Amino acid sequence: IKEVHQDYDGSVSDGFACDVGAVYGISDITLGLALQNIGPDIDGQKLPSAARLGAVYPLPKIPVKTLLELEKPVYSDFKFKAGAEYEFVEKLCVRAGYEYLKKTGDYSGISAGLGFQTDIKDGFMTDTENNKLRVAIDYAFSYFGELGNSHKISLGMKF
């Protein structure tokens, strides 16, 4: 559940939306489905809702994971995304990806980044798989042709 706040040149509006999803493993393949930005209109404007379906497959014998994703925004065409993640040192990954974008210039939709994750064990609990906090820090650079470049940094926690 998330709060949505818009402020366009002094015109302010607020609302809420939610995201729901599920992950399912079949053998070595992990499938995911997500519905994003589900909620009521905000000041008469519809939210940019989307449905995403993705699959991750680890390549045999090398530490590379591949990803394919299909996204259908409610108000636009399908989007196709592909990527790979290579763990070149324990807990540190390099990533590359491509998103098909119409009319944005040559090589637009290309992205690259780094990711780091580690587990923090709780010293007050028994040392089991369930008693840890996983922390991840990610950086991504995306090239969007004439639209410019994008830098993203994220912090994630799983507990």
Side-chain angles (χ1 to χ4, degrees), residues 1-8 15-42 45-120 132-159:
I1 296 175
K2 53 190 169 184
E3 190 261 341
V4 179
H5 175 80
Q6 299 179 90
D7 185 348
Y8 294 112
F16 69 92
C18 70
D19 298 342
V20 295
V23 177
Y24 184 73
I26 302 172
S27 188
D28 288 340
I29 298 173
T30 303
L31 300 173
L33 174 67
L35 304 175
Q36 298 177 301
N37 295 322
I38 301 166
D41 295 355
I42 299 174
Q45 300 294 315
K46 297 190 181 300
L47 294 173
S49 302
R52 295 172 179 242
L53 176 64
V56 175
Y57 177 72
L59 297 178
K61 300 182 183 179
I62 57 175
V64 174
K65 294 178 185 173
T66 57
L67 163 82
L68 295 175
E69 181 181 306
L70 188 61
E71 177 184 357
K72 176 56 177 110
V74 172
Y75 304 107
S76 63
D77 296 332
F78 278 95
K79 295 180 181 181
F80 174 76
K81 302 173 186 180
E85 174 184 87
Y86 173 65
E87 186 175 6
F88 66 95
V89 208
E90 185 179 358
K91 300 180 183 182
L92 189 60
C93 302
V94 63
R95 300 181 181 118
Y98 178 74
E99 175 182 359
Y100 175 72
L101 301 169
K102 289 183 178 179
K103 302 178 185 176
T104 54
D106 292 338
Y107 307 111
S108 61
I110 293 174
S111 61
L114 294 171
F116 171 78
Q117 73 177 16
T118 189
D119 294 331
I120 301 172
K132 66 182 176 185
L133 172 68
R134 176 164 287 165
V135 178
I137 300 171
D138 296 296
Y139 166 77
F141 168 83
S142 299
Y143 174 71
F144 292 110
E146 296 173 4
L147 298 175
N149 301 325
S150 170
H151 300 271
K152 296 177 187 174
I153 298 173
S154 65
L155 172 66
M157 291 185 274
K158 180 179 179 183
F159 48 93

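Please read these numbers as outputs of a predicted model, since none were measured by experiment.
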Engineer: Is any side-chain heavy atom of S150 closer than 4.5 Å to one of F141?
Structural biologist: no
Engineer: Can you check side-chain contact (heavy atoms from CB on, under 4.5 Å) on K158 and Q117, steps first, answer last?
Structural biologist: CA-CA 10 Å; K158 180 179 179 183; Q117 73 177 16; over 6 Å; no
Engineer: NZ/K65 to OG1/T30 distance, rounded to the nearest 0.5 angstrom?
Structural biologist: 8.0 Å
Engineer: With rounding to the nearest 0.5 angstrom, report the NZ to CG distance, K91 to D119.
Structural biologist: 6.5 Å
Engineer: Please report the interatomic distance CD1(I137) to CD1(I153), rounded to the nearest 0.5 Å.
Structural biologist: 9.5 Å
Engineer: So I26 and Y24, do their side chains get closer than 4.5 Å, heavy atoms only?
Structural biologist: yes
Engineer: Enter the distance from I38:CD1 to D19:CG here, rounded to the nearest 0.5 Å.
Structural biologist: 7.0 Å
Engineer: Is the shortest side-chain heavy-atom distance between E99 and S111 below 4.5 Å?
Structural biologist: no
Engineer: Is any side-chain heavy atom of P40 closer than 4.5 Å to a side-chain heavy atom of F16?
Structural biologist: yes
Engineer: Assess whether side-chain contact (heavy atoms from CB on, under 4.5 Å) is satisfied between F116 and T118, documenting all intermediate values.
Structural biologist: CA-CA 7 Å; F116 171 78; T118 189; 4.0 Å; yes
Engineer: Which heavy atom of I42 sits nearest a heavy atom of G15, and at what distance?
Structural biologist: CD1-CA, 3.9 Å
Engineer: Quick check on E3: does its CD atom have over 12 non-hydrogen neighbours (other residues, nucleotides or ligands) under 6.0 Å away?
Structural biologist: yes
Engineer: Report the distance from atom NZ of K81 to atom CG of L68, rounding to the nearest 0.5 Å.
Structural biologist: 12.5 Å
Engineer: In terms of heavy-atom contacts, does NZ of K72 have more than 12 from other residues, nucleotides or ligands at under 6.0 Å?
Structural biologist: yes
Engineer: Is any side-chain heavy atom of K2 closer than 4.5 Å to one of N37?
Structural biologist: yes
Engineer: Within this structure, what is the OG1-CG distance for the pair T66 and L59, rounded to the nearest 0.5 Å?
Structural biologist: 5.0 Å
Engineer: Answer whether the closest heavy-atom distance between the side chains of R95 and D138 falls below 4.5 Å.
Structural biologist: yes
Engineer: Heavy-atom count check: over 12 atoms from other residues, nucleotides or ligands less than 6.0 Å from I1 CD1?
Structural biologist: no
